[in-house]
There are 2 protein chains.
Amino acid sequence: MLSLSKKTDYALLVLTTLAQKPKDYVSLRELAIKKNLPYRFLAQVARALVHDGLIISREGSGGGYRLNRPARKISVSDVVTAIEGGVALASCLSHSETECALAVNCPLKKGMPSIQRMVLKTLTKKTVADLLAAK
Amino acid sequence: MLSLSKKTDYALLVLTTLAQKPKDYVSLRELAIKKNLPYRFLAQVARALVHDGLIISREGSGGGYRLNRPARKISVSDVVTAIEGGVALASCLSHSETECALAVNCPLKKGMPSIQRMVLKTLTKKTVADLLAAK
DNA sequence: TTAACTCGTACTATATCAGTACGAGTTTAC
DNA sequence: GTAAACTCGTACTGATATAGTACGAGTTAA
Ligand code: SF4
Ligand code: SF4
């Protein structure tokens, strides 16, 4: 089943939650308890989002996380990239990994990038704000 | 990394190959040898495609596989469905699985279907014929 | 100084993926 | 009629990815 990872799902959940209080620093532990989610796991997710500059953290008492830019400027693609490291529908489309051995004379190779682009475009168009607006 | 499984990649490879000789029954073993791919594994993939009616098999000597309908009528979405069982960007979008415990009061739940639809639309629009045409 | 936070890495259990093993059944050619 | 060239189907296995847990260090406010 083609799907987003649970981490990515959680990430979107965190982001939409933060988007509802854009100015406040929200405690992750509090969120974890309220939603009954594993805090340590969420923390990993949140840190990845910080690392990619999607959210900002403030340490110490009274700290927490808040969005680093407006929700409408955070695309699903940004989130997938932060958490999963990007989109590569075929392994020959991945920058990091070693290229597929079949690349030479592969009847797909030429056509795949177009699909990849279209999917990526979809994920780039959809923002956290859109997710909330659909409420 | 968001990606299609290797099985799906192989499936597309098989389909584009068959699309090049739409009338002939192509031996899978021959293809496997030519492309240096694991035959048994490919056979699993091919059978799944037969099962979903994307290709037709003929047993016995001189047999093999051929497309069951024109390449432009076989979408990437069809292939993903045949091999991976579908697309469910979030687990609450899956028909078969048990629904997510967070579904009640989840700020994402309302917005996810729209993304799912858009991705699905992309995958439905792209056909095996398109993949070949990009050659 | 302690309580409420985040940061960072290492570990573990489980599920999925990728592939192999094995044998049965079907059709054509000789 | 039998051998060769195919597909069919399930069961198993090894590797990798996912979904967490464990543990402790560092930071800030009251
Ligand atoms: S080269 Fe062909 S087979 Fe290899 S990953 Fe790209 S598309 Fe798939
Ligand atoms: S309900 Fe919310 S959290 Fe659960 S799967 Fe759907 S989107 Fe993700």
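From a predicted model like this one, the values you see are computed outputs, not experimental measurements. Just so it is clear: chains get the letters A, B, ... in the order the sequence lines come, proteins before strands, and each one is counted from 1. Values below: all heavy atoms of this structure, side chains included; hydrogens, waters and symmetry mates excluded.
Atom CZ of B:F41 and atom C1' of D:dG9 are 16 Å apart (whole Å). Across the protein-nucleic acid pair, A:I55 atom CD1 and C:dC5 atom C1' stand 14 Å apart, rounded to whole Å. Rounded to an integer number of Å, the gap from CG of A:L2 to C1' of D:dT18 is 16 Å. Atom CG of A:L49 is separated from atom P of C:dG8 by 14 Å (rounded to the nearest Å). Atom CE of B:M1 is separated from atom C1' of D:dT18 by 16 Å (rounded to the nearest Å). Atom CG in A:L42 sits roughly 16 Å away from atom C1' in C:dG8 (whole-Å rounding).
The 5' end of DNA chain D is approached more closely, in terms of each residue's nearest nucleotide, by B:V50 than by the other of B:V50 and A:S5.
Partners of A:K126 by side chain to side chain donor-acceptor pair (under 3.5 Å), not counting sequence neighbours, listed by chain and number: B:S114. Remark: A:D52 pairs with no residue by the side chain to side chain donor-acceptor pair (under 3.5 Å) rule, at least two apart or across chains. Under the side chain to side chain contact (heavy atoms under 4.5 Å, CB included) criterion, B:A46 pairs with B:L28, B:I55, B:Y65, not counting sequence neighbours. Not counting sequence neighbours, the partners of A:Y10 by the ring pair (Phe, Tyr, Trp, His ring centres under 6.0 Å) test are A:F41. For A:A71, the side chain to side chain contact (heavy atoms under 4.5 Å, CB included) partners are A:A19, A:L67, A:V128, A:A129, not counting sequence neighbours. Applying the ring pair (Phe, Tyr, Trp, His ring centres under 6.0 Å) criterion to A:Y25, with sequence neighbours excluded, gives no partner residue. Considering only residues two or more places apart in sequence or on other chains, A:R69 meets the side chain to side chain donor-acceptor pair (under 3.5 Å) condition with A:D78. For A:T122, there are no side chain to side chain donor-acceptor pair (under 3.5 Å) partners, not counting sequence neighbours.
Alongside A:M118, the hydrophobic cluster contains no other residue (criterion: ILVMFWY side chains under 4.5 Å).
Considering only heavy atoms from C-beta on, B:V26 stays 4.5 Å or farther from B:R66 through its side chain. Side-chain contact between A:L31 and A:L13 is absent, with no heavy atoms from C-beta onward closer than 4.5 Å.
The shortest distance between the side-chain N/O atoms of B:S57 and the OP1/OP2 oxygens of D:dC8 is below 4.0 Å. Phosphate contact (OP1/OP2 of D:dC6, side-chain N/O of B:Y39, threshold under 4.0 Å): absent. Using a 4.0 Å cut-off, some side-chain N or O of A:Y65 falls inside it from OP1 or OP2 of C:dC7.
Using a 4.0 Å cut-off on heavy atoms, the residues of residues 6-37 of chain A that approach DNA chain D are A:K6, A:K7, A:Y10, listed by number.
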Identify each atom pair where a protein N or O and an N or O of nucleotides 10-13 of chain D are less than 3.5 Å apart, giving names and distance.
{"residue": "D:dA11", "atom": "N6", "partner": "B:Q44", "partner atom": "NE2", "Å": "3.3"}

Item to check | Nucleic acid footprint by protein, nucleotides 23-29 of chain D - heavy-atom cut-off 4.0 Å, B for base, S for sugar-phosphate alone | outcome: BB-BBBS
